[in-house]
Amino acid sequence: MPQPAQPLSPSPRPLAGKTAVITGASAGIGWATAVELAAAGAAVVINARREDRLNELARQLSESGAAVKIVPGDAAASDVIRQLVEESFAWHQRLDIVVVNAGRGMPGGVLSSDMEKWRAMVELNVLGAAELMRLAGAKMVQQKSGDVVVLGSVSGHNISPFSGMYGSTKWAITAAAEAMRREVCGAGVRVTTIMPGIVVSEFQAVAGYTAENFGKGVAKFGQLLEPVDIARAIAFVVAQPQHVHINELVIRPTGQDYP
């Protein structure tokens, strides 16, 4: 009879030899993901609008022995997206992991959110994200491997009227990710959507969430997620054997019942 498979000891550097791109890397989930993937052995390309923050992250990663490259700019801008993909591929002639993380938040629903801010949010959360997915996916199809990890949200998984317009952008990009998965999986390319619950970072303040429209409602959830909690999950997903694909992953604080 066949013998049962023996468990494999995890490699301390499972991503050695791989190149990983992370957008929105100046803070929060993006910063934590760059640190996590670099610790797992990946050469990382980091992108965000705040070049000073990228330089600080690059300094820290370099001091820890990681290979790091910065491509500053707006992840909603086509010229920046093209530059990011082309420079990342040219660096090591590979594009193994792309974490589509940059995004904007917004409190309120269709009637109550700030309509003047809709367009910028859609351009980054949907159009910019999809363009990066498209250009990176084309490279990965050619090399017959790669991981595209898209940051969605539980607000897109389970739409809430309290963040309805933001959740709608995350619903849209989750749909685009699944459509792309079906398009590229036959070429050995994996597309994963990570849908976090509430993660404590500067995202809330930048998006306009306050104690009144956010803080009181989430206090009952208890301990909330930290960026590193999501970063660890991303590292786990992309380190799976090539034939194993974790397609969607919802991560909530234990006490978060909704959305």
Side-chain angles (χ1 to χ4, degrees), residues 13-25 29-30 33-34 36-38 40-49 54 58 61 66-103 123-152 172-194 231 234-248:
R13 290 171 60 83
L15 304 181
K18 295 193 173 185
T19 299
V21 174
I22 305 101
T23 64
I29 293 172
T33 299
E36 197 75 20
L37 299 188
V44 296
V45 183
I46 50 177
N47 159 264
R49 291 176 297 169
L54 291 182
L61 293 176
V68 57
K69 180 180 182 66
I70 71 168
V71 179
D74 188 344
S78 290
D79 58 338
V80 173
I81 296 167
R82 286 193 297 270
Q83 178 189 3
L84 179 60
V85 171
E86 293 301 329
E87 288 193 14
S88 300
F89 182 81
W91 193 24
H92 292 123
Q93 298 302 305
R94 290 197 59 78
L95 193 57
D96 300 290
I97 301 162
V98 172
V99 182
V100 186
N101 169 68
E123 287 176 349
L124 179 58
N125 292 9
V126 182
L127 299 179
E131 185 170 356
L132 176 55
M133 291 159 58
R134 176 188 177 109
L135 296 184
K139 294 285 189 187
M140 292 175 177
V141 166
Q142 291 176 356
Q143 69 188 21
K144 303 295 185 186
S145 66
D147 279 281
V148 176
V149 179
V150 179
L151 268 293
I173 202 60
T174 297
E178 174 59 13
M180 181 173 163
R181 182 195 69 80
R182 298 183 184 191
E183 189 174 2
V184 303
C185 65
V189 179
R190 305 184 295 198
V191 183
T192 298
T193 305
I194 306 285
I234 293 170
F236 174 76
V237 164
V238 300
Q240 294 305 302
Q242 177 59 31
H243 70 289
V244 178
H245 181 197
I246 300 172
N247 181 200
E248 292 185 342

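- Of all heavy-atom pairs spanning A102 and G24, the tightest one is CB-N, 3.7 Å.
- At distances below 3.5 Å, not a single donor-acceptor pair connects side-chain atoms of R134 with backbone N or O atoms of M180.
- In this structure the side chain of Q143 never reaches within 4.5 angstrom of the side chain of Q93, judged on heavy atoms.
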**Step-by-step side chain to side chain contact (heavy atoms under 4.5 Å, CB included) determination, N247 to E178** = CA-CA 8 Å; N247 181 200; E178 174 59 13; 3.3 Å; yes
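- Shortest non-hydrogen contact noted between V45 and S88 is CG1-OG, 3.3 Å.
- For the pair V98/K139, no side-chain contact is recorded, criterion being any heavy-atom separation below 4.5 Å from C-beta on.
- Within the model, atoms OG1 of T192 and CZ of F236 stand 11.0 Å from one another, a figure rounded to the nearest 0.5 Å.
- Side-chain atoms of D96 never come within 3.5 Å of backbone atoms of A20 as a donor-acceptor pair (strictly under, hydrogens ignored).
- Closest approach of I22 to T33, counting heavy atoms only: CG1-CG2, 4.2 Å.
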Taking it one step at a time, do V148 and R181 satisfy side chain to side chain contact (heavy atoms under 4.5 Å, CB included)? CA-CA 9 Å; V148 176; R181 182 195 69 80; over 6 Å; no
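- Residue I46 holds its CD1 atom at 12.0 Å from CG of L37, rounded to the nearest 0.5 Å.
- Taking CG of L95 as the start and CD of E86 as the end, the distance is 9.5 Å to the nearest 0.5 Å.
- For the atom pair CG of L84 and NZ of K69, the computed distance is 10.0 Å after rounding to the nearest 0.5 Å.
- In this structure, G73 and N47 approach most closely via the heavy-atom pair O-ND2, 3.2 Å.
- Atom CE of M140 is separated from atom CZ of R190 by 10.5 Å, given to the nearest 0.5 angstrom.
- Residues forming a side chain to side chain contact (heavy atoms under 4.5 Å, CB included) with A177 (at least two apart in sequence, or on another chain): M133, V150, V191, T193.
- Distance alone, capped at 3.5 Å, places no donor-acceptor pair between the T23 side chain and the V100 backbone.
- Open room surrounds CZ on R49; 12 or fewer heavy atoms of other groups in view lie less than 6.0 Å from it.
- Side-chain N/O atoms of Q242 and S145 include no donor and acceptor closer than 3.5 Å.
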Report task. Could you walk me through whether E248 and T174 pass the side chain to side chain contact (heavy atoms under 4.5 Å, CB included) test, one step at a time? Result -> CA-CA 9 Å; E248 292 185 342; T174 297; 4.2 Å; yes
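- The side chain to side chain contact (heavy atoms under 4.5 Å, CB included) search around A172 returns V126, not counting sequence neighbours.
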task: Go through the steps for I234 and L151 under the test side chain to side chain contact (heavy atoms under 4.5 Å, CB included), then give the verdict.
output: CA-CA 10 Å; I234 293 170; L151 268 293; 4.1 Å; yes
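- To the nearest 0.5 angstrom, R94 atom CZ is 8.0 Å from K18 atom NZ.
- The two atoms that bring I81 and G128 nearest to each other are CD1-O, 3.6 Å, heavy atoms only.
- When all heavy atoms of V44 and A38 are compared, the closest pair comes out as CG1-N, 4.0 Å.
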